[in-house]
Every structure is written in C-alpha cells, then in structure tokens.
There are 2 protein chains.
Amino acid sequence: MATIADVAREAGVSVSTVSYALSGARPIRPETRERIQESMRRLGFQPNAMARSLASRRSKVIALIYPQFGDGVGGTVGEFVRAAAERSREQGYQLVLWPFEVGQAKEVRNLARQGMADGVLVMEVVLDDQRIDVLEAAQVPYVMIGRTRDVQHRPSVDIDFDATVERAIEHLVGLGHRHIAFINHSQERIDAGYGPAVRAAVAFDRAMAGHGLEPLARACAESPVVGREVTADLLASEPRLTAIVTMNELATFGVYAELQHRGLAIPHDVSVLGIVTSPGVGVLTYPPLSTMHAPGAELGRLAVDRLLDQLSDGRHPLPNQLIPCVLEPGMSLGPARTEPDA
Amino acid sequence: MATIADVAREAGVSVSTVSYALSGARPIRPETRERIQESMRRLGFQPNAMARSLASRRSKVIALIYPQFGDGVGGTVGEFVRAAAERSREQGYQLVLWPFEVGQAKEVRNLARQGMADGVLVMEVVLDDQRIDVLEAAQVPYVMIGRTRDVQHRPSVDIDFDATVERAIEHLVGLGHRHIAFINHSQERIDAGYGPAVRAAVAFDRAMAGHGLEPLARACAESPVVGREVTADLLASEPRLTAIVTMNELATFGVYAELQHRGLAIPHDVSVLGIVTSPGVGVLTYPPLSTMHAPGAELGRLAVDRLLDQLSDGRHPLPNQLIPCVLEPGMSLGPARTEPDA
DNA sequence: ACGCTTCGACGAAGCGCTTCGACGAAGCTC
DNA sequence: GAGCTTCGTCGAAGCGCTTCGTCGAAGCGT
C-alpha cells in the first residue's frame with residue numbers, strides 16, 4: 001500500500017506538501033497540486049485512516065448504539081440505520097455499531113474512552129439512561145433518538161407523536177368520523193414509561209378533546225389475538241364506532257380479523273389507520289392498511305446531521321427535533337357510515 | 001484522557017512494560033503487573049484505538065457491506081447484523097457499516113485501501129460481484145453471505161436451501177401430503193439468477209422426485225394480490241392439492257386470503273408452510289403460519305467466525321458453510337385430508 | 001567460581017499521517 | 001533599493017501505541 005511518503009517522492013515534493021494538497025489547509029500552487037494528484041493516481045494512494053485519525057485526533061467515526069432489531073414487524077430501525085450510515089458516508093464518516101443495552105453503560109464508557117468514535121448516536125433511550133450519563137461524563141458528543149426524562153438540554157431527534165396523532169384524528173374527523181378509538185401498546189410498556197406509548201396516549205386525548213369528541217383508548221398486548229379481543233371490547237363499549245387508530249402493528253392484524261369476523265367491511269363500516277408503523281406493513285392486509293409510517297430514514301439523516309453540527313462548530317444544536325409520521329394511503333379509510341342511532 | 005505514558009509513570013515502569021502487561025506478549029512479574037493494573041484502574045486508562053491500530057497494523061475493525069434493509073417484511077437482515085456486531089464485539093472487533101450497492105466496487109476498493117478494516121463481510125452478493133473482485137485484488141480477507149458464480153474457492157456462508165426444502169417436503173410427506181405446490185419468488189428474480197430463488201426451485205423438484213411425487217411450482221410476484229391469483233391457479237391445475245410451500249412472504253398473505261375466500265380451512269383442507277421467512281412472520285396470520293425461518297443470527301455469528309479464522313491463522317476456512325432454516329411450528333400444518341378422488 | 005541460560009524490564013525506532021514554525025523568493029510600498 | 005508582507009514549500013516534532021533488540025540480575029550446572 002502506497003504511503004504519503006511514496007507520493008511525495010514520486011512528485012518530488014515534501015510530505016507536508018502532499019498533506020496540504022490533500023486537505024487544502026494551506027494553498028498549493030496549481031501545477032504542484034496537479035503533479036501530486038497525478039502521483040496519487042498512479043500509485044493508487046489512499047490515505048491511511050488510522051494514521052490520519054491518530055495525527056489529527058479525529059477518528060471520522062460515528063458510533064451507533066442500537067437496540068434489538070426485529071421485534072415486531074419493524075423495518076423502521078433498519079431504515080434508520082441505513083440512512084444514518086449513508087449520510088455518514090456522504091459526510092466522510094464511518095458508522096460503527098455498538099450493540100449495547102441500557103445496562104451496559106460501562107462498556108459504552110470504555111469504548112468511548114478508546115477514542116474510536118468522535119460522536120455517538122443512541123437509539124431507544126429510556127427515561128433514565130445511564131449510557132447518556134457516561135457519554136456526558138466522557139464529554140463525547142451525542143444525539144439521542146427518543147428522550148430521557150431531562151430533555152431540555154440534551155440533543156435529540158424523535159418522532160413527533162403529538163403531530164402524528166393530531167393529524168390522524170384530523171384526517172378522520174374530516175371524513176366525518178366522530179367515534180374514534182385508539183389502540184395503544186401494552187399496559188406494561190405504558191407503565192414502564194415507554195415514551196411513544198405515553199406520549200401518544202396523551203396526544204390522543206388532547207386531539208379528541210380539541211374536536212369536542214370523547215376519547216376511547218385501550219392498551220393492548222402486542223399480539224393479533226389480543227388485538228382481536230380488544231376490538232371486540234371496543235365495539236361492545238361503543239357500538240357507534242366508525243374508526244380505529246392503532247399504534248400496535250401486531251394488534252392491527254387482530255383488528256382486521258375481528259372486523260371481518262363480524263362482517264364489518266373495511267372501510268365501509270369501520271375505517272382503520274395504523275400510525276407509527278414500519279414501511280411496507282400496509283400491503284400485508286386486505287384491504288391494504290392506510291398507515292402513517294415512522295420517518296426512519298429521515299430521522300437517521302437528521303440524527304447524523306445534528307451530531308456533525310456539534311462536531312464541527314462545537315455549538316449545541318436545537319435540543320429537540322421532532323418529525324411527524326407520513327400518511328401512506330391504503331384502502332382502509334373511508335367516510336364515516338351514517339350513524340345508525342344518531 | 002490518560003495515555004500509556006501516564007500509566008507507566010504512575011506505576012514506575014517503562015512504557016513498553018505497560019504495553020506488554022496489556023497484551024501479554026511477554027512475561028511480566030506478577031507484582032509488577034498488579035501495580036500496572038492498579039494504575040490503569042486509578043487513571044481510568046483505556047488504550048487509544050487509533051494509536052494501537054497504527055502501531056500494530058491491525059485495525060480490529062470488520063466492515064459489513066450490507067443491502068437495503070426493509071424490503072419485504074424482513075427482520076432477517078436485522079438479526080444478521082446484530083448477531084455479527086455482537087460476535088465481533090465478543091472477539092474484540094468493531095463492526096462498521098458500508099452501505100454499498102453492487103455497483104459501488106470502486107468505493108469499496110478505496111475504503112479497503114484506507115486500512116480501516118481488517119476484513120469484510122459482504123451481504124447479498126450477486127453472481128458476478130465486482131465488490132468481491134476488488135477485495136481479492138486488494139488482498140483483503142472477506143466472507144460472502146450468498147454466493148458468486150465461482151463459489152469453489154471463495155469463503156461464504158449461506159442458507160442451506162437444499163436441506164431446507166428437503167426437510168419441508170419430508171415433513172409434509174410425513175403428514176401424508178402427496179400433492180404439494182411451491183410458490184417461489186418472482187420470475188424476474190429467477191431470471192436474474194437470484195440465488196435463493198434458483199436454488200430453491202431446483203431443490204423442490206429434486207425433493208419431490210425423491211419421494212416419487214410430481215412437482216408443482218410457480219413463480220410469483222412479491223405481493224398478496226398476486227399470491228392470491230397464483231393460489232387460485234394452483235388449485236385449478238391440481239384440485240387434489242393439500243399443501244402449499246411458500247418462499248415469498250407477501251404472497252403468503254394472498255395464499256391465506258384465497259383459501260379463506262374459498263372456504264378451505266387451514267390446515268384441515270390445505271396446509272401452508274412458509275420457508276426462509278423472517279422471524280415473527282408466523283404470528284401475523286390466523287391461524288399462525290408454520291415457518292422455517294432463516295437463521296439470520298446464526299449466519300451472522302458464523303460469518304464473523306469464518307472471517308476471524310482467516311485473520312488469525314491466515315488459513316482459508318471451508319469455502320462454503322450452509323445452515324438450514326429452522327422449523328417454527330405454527331398452526332398451519334396438519335395431516336393431509338383424505339383425497340376426494342384417490 | 002565460572003560461564004551459561006532464563007527472566008523481567010528498558011529504550012528506541014517506528015506506524016503514516018497532521019500541523020506548526022520557519023524560510024527563501026517574489027511582489028509590494030515609499 | 002531597503003524593508004515589508006505574502007505565497008508556496010519544507011523540515012521536524014509529535015499523535016499513542018507496538019515491538020525489536022538489548023541488558024542486568026538471578027538461577028543453573030559442573
């Protein structure tokens with residue numbers, strides 16, 4: 001492998017001149033630069049990443065602390081990861097994977113101290129996340145995906161659950177729906193303070209109230225069978241129901257099953273809208289589910305950008321940046337049926 | 001950040017002694033080692049990764065060239081990635097993501113020349129894959145997931161499609177099924193030489209022949225709607241059909257829809273078996289689909305192990321290592337119904 | 001007691017780059 | 001034309017480690 005010294009010799013200049021030609025940190029006469037570039041080409045020179053990092057004290061590496069993939073149907077995490085990796089590359093950074101759970105803060109600290117990463121992206125943070133604490137202690141720039149309890153002074157990007165739910169309700173109300181139910185994640189997750197579940201629940205109540213409507217919400221275990229039971233329960237407690245919003249992919253399959261079982265047509269009798277879904281979930285059902293899918297790729301890009309902001313000018317970015325989910329029309333939404341008893 | 005020099009001073013030894021205590025490359029007297037470790041602990045010392053890599057000429061980094069996530073329902077890629085990342089970490093390596101398509105061989109070469117990775121894992125290789133060519137030219141150790149046309153001398157790990165299909169058929173035959181259909185990926189993918197589709201098709205014919213049965217196979221676009229059409233077509237051309245094997249997740253949803261539409265009960269009238277699926281797909285249907293899911297995690301671990309084999313002793317591992325899919329019982333398999341006309 | 005090996009530690013030379021200070025040549029001012 | 005700045009380049013000092021050669025001290029056999 002050719003080194004910068006080989007290039008310098010070939011081009012008849014000093015090593016430092018080659019370095020400056022490479023980085024542009026000092027002016028080089030055009031014909032000298034030409035000569036250097038020609039030599040680099042001839043030798044197939046690529047600067048050694050390790051030497052460069054050591055000398056410049058910048059590794060050009062971003063670490064991504066990421067959660068279990070693949071629970072649920074989720075392609076969202078995959079989208080996020082790929083977008084983050086691509087954006088990093090565009091900006092001349094590499095993305096390394098640190099598969100650490102919440103409990104492995106010590107490992108995070110050690111790796112951070114090894115100077116392998118200039119900054120860290122932390123996915124699926126929890127309310128009290130030790131990993132964030134050690135990163136702050138180690139003075140390593142980071143961006144969270146999600147939020148800790150203290151969110152004011154910590155840079156993060158996340159799904160805008162408020163806006164997503166608000167838009168979902170608005171859309172349904174616009175179609176004439178007045179009796180709208182919401183199927184959330186499981187009660188355990190809500191009790192555990194799982195951010196999305198808690199925030200969406202609050203947002204749903206608020207959005208319904210904003211339209212002068214009665215909120216009807218249920219927690220639901222992540223399973224089609226329970227989703228089916230919950231749907232039955234919802235129909236029993238509110239027979240005038242014409243729309244169901246779900247934030248629970250597996251439960252959604254149960255919603256479909258129960259409605260079909262009862263001979264209720266989608267969307268003629270009941271409209272169904274899946275929010276914060278993975279991409280591609282809509283086509284798994286018949287009729288295709290209308291969804292508001294999580295902006296995984298956009299979040300990935302944004303997270304990298306916010307991190308690089310910190311790395312370049314040292315300034316802290318906006319502490320929080322939220323992106324709403326995107327409506328992906330399917331065939332499961334329609335105007336509310338005329339209420340049988342209203 | 002403490003350096004090795006700080007530790008040496010603290011412990012009253014030379015820098016090289018600390019280094020040897022760290023690596024174990026030369027014997028150190030126990031009490032000296034004690035003292036050094038105590039100093040390291042006190043200073044919170046972690047060796048600088050860049051300096052270490054530069055001096056030792058080993059980056060302790062594995063690169064993963066990986067495909068688009070999230071087409072299809074797939075959690076398999078996610079499983080693979082996480083398992084590979086975890087295994088790497090266990091072995092003291094980092095996993096970096098190189099989001100490169102088949103066409104970006106030049107980028108792969110450049111990055112490889114930068115010495116950032118000691119070895120490379122290449123996912124979703126195609127029959128003639130330039131990325132493999134440049135890696136060989138650059139003498140960078142690699143392991144493929146999948147196969148190129150020339151597979152004899154190239155280390156790879158992959159799903160054992162032969163064994164998977166063979167076991168699937170065997171299982172169904174054991175349940176008394178004689179008229180078994182196979183739904184493959186789309187014709188375009190087969191024509192394009194997409195390995196899994198081609199190999200599974202061949203394996204199906206062979207397995208059926210091995211049991212003295214008539215193979216009945218169909219290509220099918222990746223969509224529930226087309227899956228439904230193909231199912232109708234299969235039932236028309238072989239009314240005695242009692243089992244359907246699918247290697248096409250989206251189509252499987254269509255299979256269910258068509259069977260239910262015709263009042264054919266699963267598994268009483270027709271058994272359905274999804275092979276090479278992502279984990280968790282089974283529970284999306286009712287009754288839960290029996291699957292043979294792709295061993296993503298196992299492949300991830302294995303790929304890393306095979307790569308590290310090369311890195312440590314320089315010997316080439318077994319060129320190919322295949323792992324069959326694992327049967328995950330659902331509720332969609334049952335004994336063949338008595339043939340109405342046999 | 002002598003030379004021999006073995007053990008444990010040290011010093012120094014890199015690894016391939018970045019970056020700082022310096023310096024000759026050329027261009028400017030008055 | 002003396003003194004100034006500006007431009008383009010060079011040399012050398014690291015960055016924080018690994019690793020090779022070396023060397024004193026202790027342990028061995030005879």
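Below, read A as the first sequence line, B as the second, and so on, with proteins coming before strands; counting in each chain starts at 1.
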Any salt bridge linking [X] with [Y]? Criterion: basic side-chain nitrogen under 4.0 Å from a carboxylate oxygen.
X      : Y      : value
B:E34  : B:R41  : no
B:K106 : B:D133 : no
A:R42  : A:E38  : yes

> Quick one: A:I4 CD1 to D:dC10 P, roughly how many Å, whole number?
Replying inline: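 Roughly 12 Å, once rounded to whole Å.
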
> What parts of residues 42-61 of chain B reach DNA chain C, counting only heavy atoms under 4.0 Å away?
Replying inline: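 Correct list: B:L54, B:A55, B:R57.
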
> Within 45° of the six-membered ring axis of B:F100 and under 6.0 Å from that ring's centre, is NZ or CZ of B:R131 located there?
Replying inline: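 The answer is no; the distance or angle limit is not met.
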
> How would you list, by chain and number, every residue that makes a side chain to side chain contact (heavy atoms under 4.5 Å, CB included) with B:L127, sequence neighbours excluded?
Replying inline: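 Counting only residues at least two positions away or on another chain, B:L127 forms a side chain to side chain contact (heavy atoms under 4.5 Å, CB included) with B:R149.
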
> NA contact type, A:T3, heavy-atom cut-off 4.0 Å: base, sugar-phosphate, or nothing?
Replying inline: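 Result for A:T3 = sugar-phosphate.
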
>> Walk along nucleotides 4-12 of chain C from 5' to 3' and tag each nucleotide B, S or - by protein heavy-atom contact under 4.0 Å, base first, then sugar-phosphate.
In response: ----SBBBB

> Just wondering, more than 12 heavy atoms not from B:Q130 lying within 6.0 Å of its CD?
Replying inline: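 For B:Q130, atom CD is not crowded (no more than 12 foreign heavy atoms under 6.0 Å).
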
> CD of A:Q139: more than 12 outside heavy atoms within 6.0 angstrom?
Replying inline: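 Atom CD in A:Q139 is not packed in, count stays at 12 or less.
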
Pairs under 3.5 angstrom only: tabulate donor-acceptor contacts from the side chains of residues 88-96 of chain B to other protein residues two or more places apart or in another chain.
unit_1 : atom_1 : unit_2 : atom_2 : d
B:S88  : OG     : B:A84  : O      : 2.6
B:E90  : OE1    : B:R87  : NH1    : 2.8
B:Q94  : OE1    : A:W98  : NE1    : 2.9

> Pairs counted as Watson-Crick or G-U wobble with both distances under 3.5 Å: what dot-bracket string results for DNA chain C, using | for bases tied to another strand?
Replying inline: ||||||||||||||||||||||||||||||

>> The criterion is side chain to side chain donor-acceptor pair (under 3.5 Å); which residues satisfy it with A:S23, sequence neighbours excluded?
In response: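 Here no residue qualifies.
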
